[in-house]
Amino acid sequence: MLYDAYEIQRSWLAGASAIANISAGLLNNPSNPFAYFGGGSVLASALEVFAHASAPRGKPEFGITKVTVDGREVEVQEQIEARKPFGQLRHFVRKGVEGGPRLLIVAPMSGHYATLLRGTVERMLSSADVYITDWRDAKLAPLSAGRFDLDDYIDYITGFLEHIGPGAHMLAVCQPSVPCYAAVALMSADNHPALPRTLTMMGGPIDTREAPTAVNTLATERPHAWFEQNVIATVPATYPGAGRKVYPGFLQLAGFMTMNLGDHMISHWEMFKHLVAGDDESAESTMAFYEEYRSVCDMTAEFYLQTIATVFQRHALPKGEMTHRGRAVDPAAITKVGLLAIEGERDDISGIGQTKAALTLATALPEADKRYLLAEGVGHYGIFNGSKWRGRIAPVVEQWIASHGG
């Protein structure tokens, strides 16, 4: 019923958005005499804000066609290197550029598409041969594709590293810090030939007992059964994944929006004022952010529920209780992978100390192979996107990669 109610609302808003967009266009048309009456621009701006906020959205494109490498502009071409039922390995090929460290960026499976890391990819392309995990919207995966849980996520990461080959590097943004760290521990214990040289973790919930945020509190103040009964829905018959149990992306988005509702309202108010003043460029920057932010996808119920239990409620990894298909995940097995932990001073998703815990857990790793960066004045999103990421954080990641064999 939850998903069906959402679909009805989405259909209604799609129509309302189209009408509002057409009306705004008419009011802004210089050939329309009513556009010159008092209040016309204000009404048009209000309609434009509503149209943008309520418009339906699909999977965005990365749209990275060119990048600057060593002072020259080169063409970028996307290729799908490997396909699996719940995700694919996307490769950004820099035409005419040979060599460079091979970097696997592991995108979060947390309700947004991998394109949320567009800025991360674009910045790292200036120095690295970049791959990214492009996770599939669970509502599009038919029941015949089977299950996908946290154990499968770890297997996917290992498989993608095997495809890229020995000597690669890995960067995990937020949620995947835990499965990536687990994969590195398991691969280290096996002396796996595709073990990455470095693992960079950015704003990840390695130990959510450290400086718990509102997200952590939400996950711990309710029993596991509450999540099963209240946030899991069944994909309706209109999608290829009909009948699959999922945690809908629209619920995840609603949660994040509610956390910072005041900020989001101010952003839309500022966008409205820019439109009224004719400052389309400033308004478009806000629109571009929300175009990406509101593009959401579903997670399989088993992955979401296992993550809630393992990472946020049981704290299995830092307590030495995490397992992968019945096998213990031992951070002490990590002995030769350079670990870089990055946290944002103003991160309201992963508190200070949660990612840094990964360094403490790796008890057998030499201190020279551990590094910590606290990005001052940076929030969660700013760790991997924006000017502070490009100018202050990315250079540290590049230096860390270069110091471990490039």
Side-chain angles (χ1 to χ4, degrees), residues 1-10 86 108-112 135-139 141 143 146-154 174-179 182 203-236 239 241-262 264 293-294 296-326 329 347-351 353-354 357 380:
M1 288 297 293
L2 176 65
Y3 220 126
D4 292 327
Y6 165 75
E7 284 296 303
I8 293 172
Q9 181 195 53
R10 187 178 68 88
F86 291 91
M109 182 180 280
S110 57
H112 284 100
W135 302 114
R136 190 178 190 183
D137 187 342
K139 67 174 171 284
L143 288 175
R147 290 167 47 88
F148 182 88
D149 60 15
L150 189 56
D151 290 336
D152 294 307
Y153 195 116
I154 293 171
C174 190
Q175 168 266 322
S177 294
V178 171
I206 298 295
D207 189 349
T208 57
R209 296 173 299 180
E210 299 287 338
T213 65
V215 174
N216 309 145
T217 302
L218 174 64
T220 56
E221 67 183 4
R222 294 179 172 88
H224 192 261
W226 183 91
F227 292 94
E228 290 185 278
Q229 296 166 7
N230 291 276
V231 301
I232 301 302
T234 302
V235 177
Y239 293 101
R244 181 178 294 282
K245 297 291 186 180
V246 297
Y247 175 49
F250 61 81
L251 283 183
Q252 177 85 332
L253 177 63
F256 279 132
M257 294 286 282
T258 303
M259 277 179 56
N260 299 289
L261 185 59
H264 291 300
Y293 195 71
R294 289 201 184 96
V296 293
C297 53
D298 298 350
M299 290 177 268
T300 62
E302 56 271 19
F303 170 79
Y304 174 75
L305 292 173
Q306 190 179 355
T307 300
I308 289 290
T310 303
V311 178
F312 296 99
Q313 295 186 335
R314 290 176 40 226
H315 312 290
L317 179 59
K319 290 168 68 175
E321 299 172 357
M322 184 174 180
T323 60
H324 172 257
R325 304 200 184 283
V329 174
D347 194 335
D348 58 354
I349 304 296
S350 295
Q354 293 188 12
H380 188 74

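Predicted, not measured: the structure shown is a model, and the values here were computed from it.
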For I232 and V246, what are the C-alpha separation, side-chain angles and deciding distance, and is it a side-chain contact (heavy atoms from CB on, under 4.5 Å)?
CA-CA 6 Å; I232 301 302; V246 297; over 6 Å; no

Taking atom types as modelled, is there a side-chain donor on S350 or H380 under 3.5 Å from an acceptor on the other?
no

Taking the side chain as everything from C-beta on, heavy atoms only, tell me whether D348 gets closer than 4.5 Å to T213.
no

With distance as the sole test, does D137 use its side chain to make a donor-acceptor pair with the main-chain N or O of D298 at under 3.5 Å?
yes

Grab the two heavy atoms, one from R222 and one from Q313, that are nearest each other, plus how far apart they are.
O-NE2, 3.1 Å

Do M109 and F148 touch side chain to side chain, with heavy atoms closer than 4.5 Å?
yes

Determine whether R244 and E302 make a side-chain contact, defined as any pair of heavy atoms from C-beta on separated by less than 4.5 Å.
yes

Nearest heavy-atom neighbours spanning I349 and C174
CG2-SG, 4.5 Å

Are F312 and T307 close enough that some pair of their side-chain heavy atoms sits under 4.5 Å apart?
yes

What are the two closest heavy atoms between G146 and F86, and how far apart are they?
O-CZ, 3.4 Å

Distance check, rounded to the nearest 0.5 Å: L150 atom CG versus I308 atom CD1?
11.5 Å

Apply side-chain contact (heavy atoms from CB on, under 4.5 Å) to residues V311 and L317 and explain how you reach the verdict.
CA-CA 7 Å; V311 178; L317 179 59; over 6 Å; no

Verify whether one side chain among K245 and T300 offers a donor that lies under 3.5 Å from an acceptor in the other.
no

Quick one: does D151's side chain get under 4.5 Å of Q306's, heavy atoms only?
yes

Candidate pair Q354 and D347, rule side-chain hydrogen bond (donor to acceptor under 3.5 Å, both in side chains), full reasoning:
CA-CA 11 Å; Q354 293 188 12; D347 194 335; over 6 Å; no

Geometric class of the Y247/Y304 ring pair [parallel <30°, tilted 30-60°, perpendicular >60°]:
parallel

For the OG1 atom of T220 and the NE2 atom of H315, what is their distance to the nearest 0.5 Å?
6.5 Å

With rounding to the nearest 0.5 Å, note down the distance linking OG1 in T323 to CZ in R325.
10.5 Å

Can you name the nearest heavy-atom pair linking A182 to I154, along with the distance?
CB-CD1, 3.8 Å

Step-by-step side-chain contact (heavy atoms from CB on, under 4.5 Å) determination, H224 to R314:
CA-CA 11 Å; H224 192 261; R314 290 176 40 226; over 6 Å; no

Here the pair of heavy atoms bringing V231 nearest to P248 is O-CD, 3.4 Å

Quick check: closest heavy atoms across A138 and M299, and the distance to 0.1 Å?
CB-C, 3.7 Å

